[in-house]
Amino acid sequence: MSDSNPVRCRFAPAPSGFLHVGGARTALFNWLFARHHGGVFVLRVEDTDADRVTDEAVQVLERSLRWLGLDWDEGPEVGGLHGPYRQTERYDVYRKVGEQLAAGGHAYRCYCTPEELEARRKEALARGSAPGYDGRCRRLTDTERAAFEAEGRPWALRFAIPEGRDVEFDDLVKGPSRFASDSLRDFIVVRSDGSPTYLLASGVDDIRMGMTHVIRGEDLLPSTPRQLLLFESLGAEPPRYAHLPLILGPDRAKLSKRHGAVAVEWFREHGYLPDAVVNYLALLGWSPGGDRELFSRQELVEAFDLSHVSHHPAVFDAQKLEWMNGQYLRQLSDEDLAVRLVDVLADAGEPADIRVVRQAAPLVKERMQTLDRAPELLRFLFRDDVPLDERARAAVEKVGAEYLTEAADRLEALGTWTAPAIAGALDELVQARGLNRTKGWQPVRAAVTGTTVSPPLPESLALLGRERTVARLRRAAA
RNA sequence: GCCCCCAUCGUCCAGCGGCCCAGGAUUCCACCCUUUCAAGGUGGCGACACGGGUUCGAAUCCCGUUGGGGGCACCA
């Protein structure tokens, strides 16, 4: 952008109780764009649908955004020069604009009730014709109008789409776009209860809050010409628009709850790292060109560019996100990983000593795609009542009690309790029996950890301690 | 039904007229490494939707067909 005014863009969600990955991606692209240009990123809460939005939903939204590391410069709580940033607190603004539109002849009172509109829509659909508003109240005669008013009929304010116009704009990702105004239907701007609708509130706020760029999902592309017409009738200078391709589920329909995990909160709770989620989302519908896939936040900010946003929808690939999360997990320092593991373990009901976890961290780092796998991998360290699962029992029975007793004896007699020493003792046992490590170590693993899958055995035993190791071997032998 | 958007491996991307009988990643399979499981390494399967043009030359440009997506609410 060569514009001299600083970039201002926003994420303007309707809080629904959770932040959807599609919303998160939109927020991320706005944030990247703002940060790349040294601009301002605004959070605006679009809560005009009063019966659906709750304070708690707003909390969850903000928590998810913060978790992702998408900080905003203006918004609810943090404030800013263009507040308030919750639309329910801005109704006087919208009401005045509504009056201005009506006074200028750009909007008219529509007396159709929601029921009537619904019935007509269904009828139109059944007939196979366009379901939109037919414009009947726009053509009301003075006497008809007077009759409705006398009747005390409630009315909504409807924007009058000018006829025979071409609305043109240059979308920053789609390129030049044109809509014929005749394909647009008159839309409600103020509901009969006085509240504004999306088209009005969002448009007015984009102007009032000085937005230079509106980056949003492609599902809103058709609302752009309507808002442009609205701005024109208000004499306002419109922002630039950029419409992002949608994120789809495996069935190629718009990603939604029924596709499974789509809430950012879910990924937080299931052991995903925000950096991994951000990296994955950034590459969903955008690419800096080339084959690289792992980018730090700073690198993303530096490389971000609207012109490289793809034009077609992208299917959300949970497996690839998992892989990427594993990559980020492995990049963590042992200390960093340990701190996170303590939280995860506590949540899983395995309160753990940070000193032990610190030593366990390198043992599990390569064995997890997500943090929430840690409890099952490390449980044997934190509780002594480890029941043997089916496979573990089979492994133990295969070698018999006497084998485990000898293992216990040898380990008990060991001079130093270190991983190499333990490995040495186990190897001696294995050799004496003419076994190999795979066959000879597995029963020990099974007896001590209760499973046939665990972190490396000598290191695990070293961490567990001699006493507990020996006790478990003897108990399994009994 | 009408309006709009789009089209490269199953999936995400690279490619922006010759470097491409198409490259990377993920998934899946095999092998190597190996104390289990992983991680890592190597290799393999796998795509330019179709038809017309334009051009010396097309995955790249144009048109059409087909296919996919979105929208057409007193939801946002």
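Computed from heavy atoms alone, side chains included, the values below leave out hydrogens, waters and symmetry copies. Every chain is numbered from 1 and lettered A, B, ... according to where its sequence line falls, protein lines coming before strand lines.
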- [ ] Using a heavy-atom cut-off of under 4.0 Å over every strand shown, decide if P250(A) touches base, sugar-phosphate, or nothing.
- [x] nothing
Open item on the list: Please tell me whether F29(A) and F304(A) form a close aromatic pair, meaning their ring centres lie under 6.0 Å apart.
Closed with: yes
TODO: Indicate, with a heavy-atom threshold strictly under 4.0 Å, whether A314(A) touches base, sugar-phosphate, or nothing.
DONE: sugar-phosphate
TODO: Take atom P in C20(B) and the same atom in U54(B), then report the distance between them in whole Å.
DONE: 27 Å
Open item on the list: Does C2(B) have OP1 or OP2 under 4.0 Å away from a side-chain N or O of S183(A)?
Closed with: no
- [ ] Answer yes or no: does atom CZ of R373(A) have more than 12 heavy-atom neighbours from other residues, nucleotides or ligands under 6.0 Å?
- [x] no
Open item on the list: Heavy atoms only, 4.0 Å cut-off, all strands: where does C112(A) land among base, sugar-phosphate and nothing?
Closed with: base
- [ ] Using the side chain to side chain contact (heavy atoms under 4.5 Å, CB included) rule, pick out the option among M368(A), R358(A), E350(A) that qualifies with L341(A).
- [x] M368(A)
Open item on the list: Partner lookup for C20(B), please. Criteria are Watson-Crick or G-U wobble with both distances under 3.5 angstrom; report none if nothing qualifies.
Closed with: none
TODO: Give a yes or no answer on whether the side chain of N30(A) reaches the backbone of I215(A) with a donor-acceptor pair at less than 3.5 Å.
DONE: yes
Open item on the list: Can you tell whether the side chains of E376(A) and R367(A) come within less than 4.0 Å, N to carboxylate O?
Closed with: no
- [ ] Pick base, sugar-phosphate or nothing for P245(A), based on heavy-atom distances below 4.0 Å to the nucleic acid.
- [x] nothing
Open item on the list: Taking U66(B) as the reference, what is the distance to G40(B) when you measure between their C1' atoms (whole Å, please)?
Closed with: 45 Å
Task: Sugar-phosphate only, base, or nothing, as touched by T438(A) at under 4.0 Å among non-hydrogen atoms - done: sugar-phosphate
Open item on the list: Side-chain N or O of S310(A) versus OP1/OP2 of C13(B): is the shortest distance under 4.0 Å?
Closed with: yes
TODO: Return no unless some side-chain N or O of W323(A) is found under 4.0 Å from OP1 or OP2 of U26(B).
DONE: yes
Open item on the list: Within the 4.0 Å heavy-atom criterion, would you say L457(A) contacts the bases, only the backbone, or no part of the nucleic acid?
Closed with: base
Task: Nearest to side-chain heavy atoms of E366(A), which nucleotide of C12(B), A38(B), U35(B) - done: A38(B)
- [ ] With heavy atoms under 4.0 Å as the rule, sort E46(A) into base, sugar-phosphate or nothing.
- [x] sugar-phosphate
Open item on the list: If you define the side chain from C-beta out and look only at heavy atoms, does anything of W72(A) sit under 4.5 Å from E62(A)?
Closed with: yes
TODO: Just call it for F179(A): base, sugar-phosphate, or nothing, with non-hydrogen atoms closer than 4.0 Å on any strand.
DONE: sugar-phosphate
- [ ] State whether R158(A) places a side-chain N or O below 4.0 Å from either non-bridging phosphate oxygen (OP1 or OP2) of C74(B).
- [x] yes
Task: Side-chain N,O (K439(A)) to OP1/OP2 (U36(B)) below 4.0 Å - done: no
Task: Rounded P spacing from U42(B) to U26(B) in Å - done: 11 Å
Open item on the list: Rounded to whole Å, please give me the gap between CG in L246(A) and C1' in A76(B).
Closed with: 14 Å
Open item on the list: Taking any heavy-atom pair under 4.0 Å as a contact, classify T452(A): base, sugar-phosphate, or nothing.
Closed with: base
- [ ] Tell me the partner of U36(B), counting only Watson-Crick (N1-N3 plus N6-O4 or O6-N4) or G-U wobble (N1-O2 and O6-N3) with both under 3.5 Å; none if nothing fits.
- [x] none
- [ ] Would you classify K365(A) as touching base, sugar-phosphate or nothing, given that sugar-phosphate means primed atoms plus P, OP1 and OP2, and contacts are heavy atoms under 4.0 Å?
- [x] nothing
TODO: Compare side-chain N and O positions of H311(A) against OP1 and OP2 of C5(B) and report whether any pair is under 4.0 Å apart.
DONE: no
Task: Separation between the P atoms of A39(B) and A47(B), rounded to whole Å - done: 27 Å
TODO: Check every strand shown and say whether D219(A) touches a base, only sugar-phosphate, or nothing at a heavy-atom separation below 4.0 Å.
DONE: sugar-phosphate
Task: Side-chain-base donor-acceptor pair under 3.5 Å for S192(A) and C74(B) - done: yes
- [ ] To the nearest Å, give me how far apart CZ (R367(A)) and C1' (G40(B)) are.
- [x] 12 Å
- [ ] Would you check if the side chain of R185(A) reaches a backbone N or O of Y133(A) as a donor-acceptor pair within less than 3.5 Å?
- [x] yes
Task: Nearest-nucleotide 5' precedence on RNA chain B, E293(A) against K174(A) - done: K174(A)
Open item on the list: Suppose you measure atom C1' in G1(B) against the same atom in G53(B); what distance do you get, rounded to whole Å?
Closed with: 32 Å
Task: Base-pairing assignment for A49(B) (Watson-Crick or G-U wobble, both under 3.5 Å) - done: U65(B)
- [ ] With heavy atoms under 4.0 Å as the rule, sort R252(A) into base, sugar-phosphate or nothing.
- [x] sugar-phosphate
TODO: Check whether any side-chain N or O of T48(A) sits under 4.0 Å from OP1 or OP2 of A76(B), and answer yes or no.
DONE: yes
Task: Distance, P atom - from C3(B) to C56(B), rounded to whole angstrom - done: 38 Å
- [ ] Indicate, with a heavy-atom threshold strictly under 4.0 Å, whether L377(A) touches base, sugar-phosphate, or nothing.
- [x] nothing
Task: Residue matched to C2(B) through Watson-Crick or wobble contacts both under 3.5 angstrom - done: G71(B)
Task: Span that lies between the P atom of C48(B) and that of A22(B), in whole angstrom - done: 10 Å
Open item on the list: Please report whether the ring centroid of F316(A) lies less than 6.0 Å from that of H259(A).
Closed with: no
TODO: May I ask which nucleotide in the shown strands pairs with U42(B), Watson-Crick or G-U wobble, both distances under 3.5 Å?
DONE: A30(B)
Open item on the list: For a quick check of understanding: with a heavy-atom distance under 4.0 Å over all strands, which category does R330(A) fall into, base, sugar-phosphate or nothing?
Closed with: sugar-phosphate
Open item on the list: Measuring to OP1 and OP2 of G40(B), would you say a side-chain N or O of Q327(A) lies under 4.0 angstrom away?
Closed with: yes
- [ ] Let me know the distance between CG of L284(A) and C1' of A25(B), rounded to the nearest Å.
- [x] 13 Å
TODO: Considering only atom P, compute the distance from C29(B) to C21(B) and round it to an integer number of Å.
DONE: 31 Å
